[in-house]
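Just so you know, residue 1 is the first one in the sequence shown, and it goes up from there.
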Amino acid sequence: MQSIRALVEQGTGVINGWLSIPSPIVAEVMARQGFHSICIDMQHGLIDYGDCVSMLQAIGQTDAFPLVRVPSNDEASLMRVLDAGAQGVIVPLVDTASDAARAVAACRYPPLGRRSFGPTRAAMVSGPEYHLRANDKVLVFAMIETSSGLENIYEIVRTPGLDGVYIGPSDLSYALGLEPQSDNEDPKHVEAVRRIVAACRSCSLIVGIHCGGPEFAKRALGAGADLVTVASDINCLRAEAGRRRSLF
């Protein structure tokens with residue numbers, strides 16, 4: 001398994017899959033399709049902490065880099081998924097540099113942060129010296145998806161220890177007075193994404209974006225994104241089931 005950061009440094013677009021169904025079998029099926037990374041969604045998906053642990057175990061049998069979108073920006077949620085073996089977190093609704101700093105602090109061991117020691121599964125997966133490397137290895141992404149987040153983007157990206165930004169296009173659409181849409185090509189949305197990418201580039205941060213499918217994802221990579229989410233378990237199931245039903 002290559003880390004997301006290593007892939008970005010090589011100039012490789014990171015292709016990410018998304019999980020909302022609480023099933024380790026579904027997680028393993030998705031992770032075995034060759035995605036560079038897989039994100040377990042605990043914010044809007046149907047997944048609780050017990051499900052997340054089992055799904056991390058399933059992803060751990062593959063070469064996919066395991067990410068978790070936590071339900072909120074709180075220490076308990078962040079520390080628990082990292083202790084369970086997540087190697088990166090996506091933190092929703094980051095509005096300010098203070099929000100970003102709080103997320104980073106929860107993910108870094110002292111003296112760089114406030115993460116409490118107790119890497120229950122993480123140490124089994126990564127070895128007994130996990131805690132010595134975790135501050136350098138664990139990735140922290142701040143979601144930019146609100147008007148405040150967009151307004152404060154240049155302060156947010158300067159947060160020490162922040163590794164990247166993940167763009168939530170549907171909520172960002174709301175913030176711009178538009179209808180929620182994933183692959184939004186409204187000029188206001190395009191300009192907002194351009195501003196976020198430029199801010200990230202100014203601080204050498206990784207740029208991720210949620211996409212509805214491969215075609216838009218390819219354009220996003222060409223426009224400066226480093227990581228693109230191209231498929232979710234629910235959407236793949238819905239699309240293929242619908243396609244097969246339509247044949248009769």
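Between Phe65 and His36, a ring centre-to-centre spacing not shorter than 6.0 Å is recorded.
At least one side-chain heavy atom of Arg115 sits less than 4.5 Å from a side-chain heavy atom of Leu82. You'll find the side chain of Leu78 reaches within 4.5 Å of the side chain of Asn73, heavy atoms only. For the pair Ser37 and Leu227, the minimum side-chain heavy-atom distance is below 4.5 Å. Under the 4.5 Å side-chain criterion, counting only non-hydrogen atoms from C-beta, Asp136 is not in contact with Arg133. A heavy-atom distance below 4.5 Å is found between the side chains of Cys211 and Ile209. Looking at heavy atoms from C-beta onward, Val14 lies out of side-chain contact with Val228 at the 4.5 angstrom threshold. Within the 4.5 Å cutoff, the side chain of Leu46 has no heavy atoms near those of the Ile21 side chain. No side-chain heavy atom of Asn16 sits under 4.5 Å from any side-chain heavy atom of Val230.
Not counting sequence neighbours, the partners of Ser72 by the side chain to side chain donor-acceptor pair (under 3.5 Å) test are Asp74. Residues satisfying the side chain to side chain donor-acceptor pair (under 3.5 Å) criterion with Glu185, sequence neighbours excluded, are Arg219. Legend: residues meeting salt bridge (charged side-chain N to carboxylate O under 4.0 Å, His left out) with Lys188, ordered by chain and number and at least two apart, are absent. Every side chain to side chain donor-acceptor pair (under 3.5 Å) that Asn184 has, sequence neighbours left out, goes to Ser173. Applying the side chain to side chain donor-acceptor pair (under 3.5 Å) criterion to Thr62, with sequence neighbours excluded, gives no partner residue. Looking at residues two or more places apart in sequence or on another chain, you find no ring-ring contact (aromatic ring centres under 6.0 Å, His included) involving His44.
A side-chain hydrogen bond (donor to acceptor under 3.5 Å, both in side chains) check over residues 145-157, counting only residues at least two apart or in different chains, returns the pairs Asp95-Thr146. Among residues at least two apart or in separate chains, salt bridge (Lys or Arg N to Asp or Glu O under 4.0 Å) pairs with a member in residues 27-37 are Glu28-Arg32. Sorted by first and then second residue, the pairs that involve residues 35-57 and meet salt bridge (Lys or Arg N to Asp or Glu O under 4.0 Å), not counting sequence neighbours, are Asp41-Arg69. The salt bridge (Lys or Arg N to Asp or Glu O under 4.0 Å) analysis of residues 105-114, with sequence neighbours excluded, yields the pairs Glu75-Arg114, Arg108-Asp163.
Ring pair Trp18/Tyr166 is parallel by interplanar angle, where below 30° counts as parallel and above 60° as perpendicular.
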Item checked: side-chain contact (heavy atoms from CB on, under 4.5 Å) assessment of Leu67 paired with Ile40 -> CA-CA 6 Å; Leu67 296 167; Ile40 299 170; over 6 Å; no
Next item on the list: Check the pair Arg121, Asp83 against side-chain contact (heavy atoms from CB on, under 4.5 Å), reporting the backbone distance first and the verdict last.
Entry: CA-CA 6 Å; Arg121 179 172 177 270; Asp83 289 345; over 6 Å; no
Check: Run the side-chain contact (heavy atoms from CB on, under 4.5 Å) check on Val68 and Ile90 step by step: do they pass?
Finding: CA-CA 6 Å; Val68 174; Ile90 298 175; over 6 Å; no
Next item on the list: Let me see the working for Gln43 and Val70 under side-chain contact (heavy atoms from CB on, under 4.5 Å), right down to the final yes or no.
Entry: CA-CA 6 Å; Gln43 184 192 18; Val70 291; over 6 Å; no
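Ion pairing between Asp226 and Arg201 holds under the 4.0 Å rule for side-chain N and carboxylate O. For Asp99 and Arg102, the salt-bridge test passes: some basic side-chain N is under 4.0 Å from an acidic carboxylate O.
Under a 3.5 Å cut-off, the side chain of Asn135 and the backbone N or O of Tyr109 do form a donor-acceptor pair. Gln10 contributes no side-chain N or O that, together with a main-chain N or O of Thr12, makes up a donor-acceptor pair within less than 3.5 Å. Between the Ser232 side chain and the Asn235 main chain, a donor and an acceptor come within less than 3.5 Å of each other. Ser246 places no side-chain N or O within 3.5 Å of a backbone atom of Arg244 that could act as its donor or acceptor partner.
The environment of CD in Glu179 is sparse: at most 12 heavy-atom neighbours from other residues, nucleotides or ligands sit within 6.0 Å. Taking a 6.0 Å sphere around CD of Glu240, one finds it holds more than 12 heavy atoms contributed by other residues, nucleotides or ligands. For CZ of Arg245, the number of neighbouring non-hydrogen atoms (other residues, nucleotides, ligands) closer than 6.0 Å is 12 at most.
The line from CD1 of Ile4 to CD of Glu9 is 12.0 Å long, rounded to the nearest 0.5 Å. The CG atom of Leu172 sits 4.0 Å away from atom NE2 of His189, with the distance rounded to the nearest 0.5 Å. Going from atom SG of Cys39 over to atom NE2 of His210 covers 8.5 Å, rounded to the nearest 0.5 Å. The distance from atom SG of Cys236 to atom CE of Met30, rounded to the nearest 0.5 Å, is 5.0 Å.
Scanning both residues, Leu56 and Pro66, for their nearest heavy atoms gives CD2-CB, 3.7 Å. Of all heavy-atom pairs between Ala84 and Tyr49, the closest is CB-OH, 3.6 Å. Counting all heavy atoms, side chain and backbone alike, Asp183 lies closest to Gly213 at OD2-N, 3.7 Å. Across all non-hydrogen atoms, the minimal contact from Ala231 to Phe35 is CB-CZ, 4.0 Å. Between Leu150 and Ile196 the shortest heavy-atom distance is CD1-CG1, 3.8 Å. Contact between Met143 and Ile167 at its shortest, heavy atoms only, is CE-C, 4.5 Å.
At a threshold of 4.5 Å between side-chain heavy atoms, the hydrophobic network of Ile, Leu, Val, Met, Phe, Trp and Tyr places Val94 and Tyr174 in two separate groups. Both Phe117 and Val104 are part of a single hydrophobic cluster, where members link through side-chain heavy atoms under 4.5 Å apart. Transitive grouping of hydrophobic side chains (ILVMFWY, heavy atoms separated by less than 4.5 Å) keeps Leu93 and Ile144 in distinct clusters. Placement of Phe141 and Ile59 in two distinct hydrophobic clusters is found when ILVMFWY residues are connected by side-chain heavy-atom separations under 4.5 Å, directly or transitively. A single hydrophobic cluster is not seen to contain both Val207 and Leu7; linkage of ILVMFWY side chains at heavy-atom distances under 4.5 Å, directly or through other members, places them apart.
Here the options are Pro22, Ser23, Pro24, the test is side chain to side chain contact (heavy atoms under 4.5 Å, CB included), and the partner is Val26; only Ser23 passes.
By the 4.5 Å side-chain criterion applied to Ile, Leu, Val, Met, Phe, Trp and Tyr, Val29 is assigned to a cluster that also includes Ile25. In the hydrophobic clustering (ILVMFWY side chains linked at under 4.5 Å, chained through shared members), Phe248 is joined by Leu247.
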